[in-house]
Every structure is written in C-alpha cells, then in structure tokens.
Amino acid sequence: MDYNKLADLLYPNVDKNIDYYLTKYPKRNLPTGAEVMRLGPSPTGYLHIGHLYSALISRIVTNKTGGVFYLRLEDTDQKRYIKGAGDVAYNMLCYYGVTPDEGYTGDGKPQIGDYGSYVQSQRLEIYNSFAKELVKNGKAFPCFCERSESKQDILDRREKELAESETITEHDEACRNLSIEQIEENLKNGKPWALKLRSTGDPNITHDFVDLIKGKRTIRENGKDIVLVKSDGIPPYALAHVVDDTLMGTTIVVRGEEWYPSVAAHLEIFKALNLKPPKYAHTPVISKIDNGNKRKLSKRKDPEADVRYYIEQGYPIDSVIEYVLNLLNSDFENWRAKNPHADISEFDFSIKKIGSNNPMFDFDKLNNISKTVISKYSAEKVYENLLNWAKVYNKEFAEVLENNKQKTIAMLSIDRGGDRPRKDIYAWSMVQELYNYIFEDNISYTIDDKYKSQNAKNFLAEYIKKYDISLNKEEWFAQIKQIALSHNFADNKDYKANPAAFAGSIADACNLVRLGVTGKTTTPDLCSIMQLLGETTVKARLQTTLEKLI
RNA sequence: GGUCCCAUGGUCAAGCGGUUAAGACAUCGCCCUUUCACGGCGGUAACAGGGGUUCGAUUCCCCUUGGGACUACCA
C-alpha cells in the first residue's frame, strides 16, 4: 500500500507537515524545573468541583516552579456543546483565585499566549496535519463502518450481549485491510469515514509507567484501533490531547483517574508520531454516598458538583479552596493548625502526597473549615461579604442589610475578634435565619414545657419590670440571677444536685429570656443582643413570651 | 463479561516489618463560663476475610470479598 498516496487521497488540501507546527510553536523559554500545566474542560456545562481540584494542583505547582498554567477549551463534541460554558469555566477559575496565565479567557476577550488557539475547534487544520502524518506513516487508516451509537445504545447492547453470552463482542476492523482502490471508491461515493489508529500494540506486552500520583505501574500496550478523527472531521480527545499538549509544551498532565485506562492508547499515538509524552498525574475522583453506594459526584444529580453551588450558598472562596486543599494533601490541616493566619501559598504542597483513594465529599468538614475561616474575619469584612452575596442571591435581604448597616455590624461584632471567636457562620445564606431576631419584628418559636411553670411566669414578669438596658454584663447577670433565685430557680450546681426541688437552674432562666428575646436556644452573648435590640423591643418580646407561658 | 484502580473508625486520613495504630470532622461526656458559644480535657469507634513470606505483619506476596473506573466516532 502506498501510504503517501493514501494520505493525499484522504487529505488532499493539507499541505503543512507536522514539522511546520513543531517549529512554529517552539519550546517555551522557562527556568529549569518549570512545569507547564493545563486545565482542559469541555464546555458541556458548568465547571465541576473536580476541575477546580485539578486546576488547583496545576496552579500551585506552576506557581512553585515558575511555570505556566493555561486553560484550553476541549470543545470537540459539537453535540454536547453548550454556549457560554467556556466562559463560565474561565470566570469560575478566576473567581476561585486559580487564574490561568494563558489560554482561553472567555466572553469574547482575546486569548492570551503564543501557543493558541486554545480552543480545539479552532485547531482542525493542525489536527489534520498530524492525522495526515499518521496516514503517511501507515499508522492510521480510514474506516467506513457506519456506527454511531448513543451512550444508551451502547449500554443496552452491552447488557443484552452479557445476558446472552457472558461476553461482549469486540467489533472487528473490517476497514483495516481495505485496498487503496476500495478506499478510493468509497471516497468517490461520498461515504463518510473516520480515521482510526492502526494499532500495533499487543496487550500481552507490558511496560513500566510512572504516574506522579499512583507511582510506578505496569501497563499493557493498547491493542485497539481507536478513532483518531471522527467522521465529522474533528478528532476526539485522544488525538487532540497528543497534538495540543505537545504543541503547547505541557510537561505534566493532571486529569481524573477515569483517564487512566486510556493511557496506553495515548502513549501509542505519541509513539506513532515520534513525540515525547508528558508526565501524567491521575487524580482520585471526588465521590459521594448515594443509596449506600459510593459513586462519582455527578454533574446531573448533585448540585454540589457545580462550583457555582458554593457561591450561591455563600461559602467564601477561602473555605472551598481550603477544603479542596485538605482533600488533596491531608497534612494541610495540620499545617493550617500550626499556621492559622499564613497564606495558602506558604504551604508545602506535593503531588506525591495526593492520596489514591476516591475521597467522599464531606459537608461537615467543609462547614467546619468554613466556620473557622469566617471566624477570623472582622465584623466589617463579614458584613461586606454578606452584602455582596445578598445583592446577587437574596436582594430583599440585601436591602435589609443596607438599611441596617450599623446594627448588622454591631450584631456581627458580638463574640467576634479576640483569640476565641465564635464560630457560627459557614455560609452567607444562613445568616438571615440565624440572626433573624435582629432583622425581623415577628419571631416565631415554641416554648419547651419545662418553662411552663408558675415560677417561670413570676420570674419573667418580674424580670420584664426590672430589666434595665444600662446594666453592664456583670450587672446584667447579677440581676437575672437575683430575680431567678427568688422564684425558686437554683444555682447551676444546686440544681444539678437536686433538680426536682427547683423550677430550674440559672441557666434555664437565662435561656427562657434568650428564647423570648431571640426565638433561639443558641445565640451570641445575650446581654449584648438585648442592648442592641433596645429596651422597648426586649420588653415587648418578653411580654409576648409571658403570655405564651399560660 | 474483559482490563485496570482502590481497601485503616461514620467521614478525611497518618502509618511504609516491631507503634499503647497519630490527627481532623462528626458524635457523646466532663470542665470553663452563674447565659449561648468559643476553648480545654476525655470517651465511643478502624487495620474487610483467608492463606503465605518472616522471629514478627496494618505494612510485603497471593486468593476471596467489597467498592470504583474504563470497555463511545463523550470528554
């Protein structure tokens, strides 16, 4: 077979050879040890938390080594393409502070960098050149088989075949050995074709392979004639990956573990083109428990897979980044404990320390981290972040916040600052309900039966009469205590020793007041809240409570 | 079905042949605070099972079991 003739037959209009591109995009001039890394999302929806996860790895490593982190849009599947998804990807990366140095920048803005285009659908000419090279070398052949199944078709067929025969038939490659005359004939008849790899690999032969996360592995050679260019003329991931990462000078490819099984195929393409493959780091996949089973976080089913979810909920950027970092390198939290105020960039991150288990997304942990992050903010900073969030996601509340700026900051100042700040907020969306007693006039709550005693009534009635907003914290305590004691409430220790003998403890008395004033059983310092609310409001609310006690 | 990956408490996880098997989150209790928290102290809770190798296995090997991924002209 005359492969040159075949190449010209298949690609009559491709005149540039791959050397043209190899010299057009020369090696980057970077310091020794600098890594070039990339994120290549396909614009088929929102940016997945897994993308943030691998982008963060790339951003940290390239920062550390003085390298380059770029964003490439892998839009080779027109069927799944969603307009604007690429813009979301770029904007989200920037929002989370994982800003690319180079590549696609979204929203019609010009791309940055000398290795573009960074949008795969704009690189078809380049792919064709590499495809033609492969044909010339006898490494690829056109396939005229009609087979375009949907995902569901494939699953159905597999299930059916498995049920019948316990094996799945591998499709034979009838087109592999077509004569040039047959090919010419097919072409003349306008039959659609895809370009396939003429695999020379033998799955019985294994090679050593080093993955930056998994370590040294043995992998089998690829034996499949995988598709290099689809019948629509666009290459699927495999060829695009090989071509782009070569031309763009990627040194480390960070990608999800789901790619690991196709490493052999990718390596075979590199070899067929006589190109040097990059280093690979296959990351674990973030999972969750669903009906008792562990599974990958799903774009469709799980709202928390979308990085915008955290923004909508009002998690600060730092919280999410710290949580992901914690997932990445488990010693991050030890470092954070020792360096509570240090910048994240000072953490000694290591790709090797990434675990190989698929971690489960843990909201408890995220919330805890977030509470700590927010507890370090000043009241003004909390207010500012809260307001910015509310302006987008809760306009009504934003108005309330703006009209009550001083009051809100005063509220947020309670128990804030100092060495042991309160940790009660993990996301901005919870604030309105958490502190509703300062934002709303009418608060609803139910009173526990233990407060419904004559003693409690008498206590509250007297307290309403005597409450004085000018009392400082000590005096305030002293007053509650004194009144409570006179109505058969007891010192906490005495009460504990003999609960049956008393109407309740001092703590109970305080909590009754707390409930009446705030409608909550847990709040920041009550004395401060009451001062903030003002004597009229406090007394009115307690009066309502008193009436409810009957 | 085939190929591959993974396996320490409820969750995230240290550990790399000899440990009372760290730590964090969650949970429970106590202390502090004459309130709520914060904080401090402590408790419950783990090496999936079976074979090897070894003086000795959580650690190395094999099998089983369990979970996951891939097996598309999707990425």
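Because only heavy atoms are used, hydrogens play no part in the values below, and waters and symmetry mates are left out as well, while side chains stay in.
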Between rG9(B) and rA21(B), how far apart are the P atoms? Round to whole Å, please. 16 Å
Is a donor on one side and an acceptor on the other found under 3.5 Å between the side chain of R176(A) and the backbone of D225(A)? no
note: R336(A), atom CZ; rC25(B), atom C1'; distance rounded to Å ~ 17 Å
E474(A) has an atom CD; how far is it from atom P of rU33(B), in whole Å? 13 Å
Reckon N492(A) has a side-chain N or O less than 4.0 Å from the OP1 or OP2 of rU35(B)? yes
List in chain and number order the residues that pass side chain to side chain contact (heavy atoms under 4.5 Å, CB included) with E74(A), two or more places apart in sequence or in another chain; answer none if no residue qualifies. R72(A), Q120(A), Y237(A)
For the base of rU3(B), is there a side-chain donor-acceptor partner from R220(A) under 3.5 Å away? no
Return the minimal non-hydrogen interatomic distance between R416(A) and I374(A), and the atom names on each side. NH1-O, 3.0 Å
Does D525(A) make a side-chain donor-acceptor contact with the base of rU35(B), cut-off 3.5 Å? yes
Quickly work out the Q120(A) CD to rA75(B) C1' distance and round it to whole Å. 10 Å
Rounded interatomic separation in angstrom, taking CD from Q78(A) and P from rA72(B): 20 Å
Given RNA chain B, 5'-ward residue of the pair C527(A) and D77(A), judged by closest heavy atom: C527(A)
Applying ring pair (Phe, Tyr, Trp, His ring centres under 6.0 Å), can you list everything that pairs with F349(A), at least two apart in sequence or on another chain? none
In whole angstrom, give the distance that lies between atom NZ of K473(A) and atom C1' of rA37(B). 11 Å
Testing rU71(B), rU11(B), rC73(B) for proximity to the side chain of K224(A), the answer is rU71(B)
So S231(A), base contact, sugar-phosphate only, or nothing? Heavy-atom distance under 4.0 Å. base
Per the 3.5 Å Watson-Crick/G-U criterion and a run length of at least three, the stems involving RNA chain B are B:1-7 with B:65-71, B:10-12 with B:23-25, B:27-31 with B:39-43, B:48-52 with B:60-64
To the nearest Å, give me how far apart CZ (R514(A)) and P (rU35(B)) are. 10 Å
From CD1 of I354(A) over to C1' of rC5(B), roughly how many Å is that when rounded to an integer? 16 Å
Whole-Å C1' distance, rG66(B) and rA24(B): 26 Å
NA contact type, P524(A), heavy-atom cut-off 4.0 Å: base, sugar-phosphate, or nothing? base
Using the C1' atoms only, state how far rU8(B) lies from rA13(B), rounded to an integer number of Å. 9 Å
Looking only at side-chain atoms of W476(A), point me to the closest of rC74(B), rU35(B), rA7(B). rU35(B)
Check the orientation of H241(A) and F270(A). Use parallel for under 30°, tilted for 30 to 60°, and perpendicular for over 60°. perpendicular
Using a 4.0 Å heavy-atom cut-off across all strands, classify N368(A) as base, sugar-phosphate, or nothing. sugar-phosphate
Distances for protein N/O vs nucleotides 38-46 of chain B N/O pairs under 3.5 angstrom?
residue: rC38(B); atom: O2'; partner: R420(A); partner atom: O; Å: 3.2
residue: rC38(B); atom: O2'; partner: P421(A); partner atom: O; Å: 3.2
residue: rC38(B); atom: O2; partner: R420(A); partner atom: NE; Å: 2.8
residue: rC38(B); atom: O2; partner: R420(A); partner atom: NH2; Å: 2.8
residue: rC38(B); atom: N3; partner: R420(A); partner atom: NH2; Å: 3.3
residue: rG39(B); atom: OP1; partner: K423(A); partner atom: NZ; Å: 3.0

Considering only heavy side-chain atoms of N326(A), the closest of rU35(B), rA75(B), rC12(B) is rC12(B)
Give me the distance, rounded to whole Å, that separates rC62(B) from rA57(B) when you measure between the C1' atoms they each carry. 15 Å
For K216(A) and rC16(B), give me the distance from atom NZ to atom C1', rounded to whole Å. 17 Å
Of the options rA75(B), rC25(B), rC6(B), whose atoms approach the side-chain atoms of R217(A) most closely? rC6(B)
Applying salt bridge (Lys or Arg N to Asp or Glu O under 4.0 Å), name anything that partners K423(A), two or more places apart in sequence or on another chain. none
Please determine, for the side chain of N357(A), which listed nucleotide (rC12(B), rA75(B), rA7(B)) has the closest atom? rA7(B)
Distances under 3.5 Å between nitrogen or oxygen atoms of protein and nucleotides 68-70 of chain B:
residue: rG68(B); atom: OP1; partner: K294(A); partner atom: O; Å: 3.1
residue: rG68(B); atom: O2'; partner: N358(A); partner atom: ND2; Å: 3.4

Looking across every strand, which nucleic acid part, if any, lies under 4.0 Å from E74(A) by heavy atom: base, sugar-phosphate, or nothing? sugar-phosphate
Could you tell me how far rG39(B) sits from rC25(B) if I compare only their P atoms? Round to whole Å. 9 Å
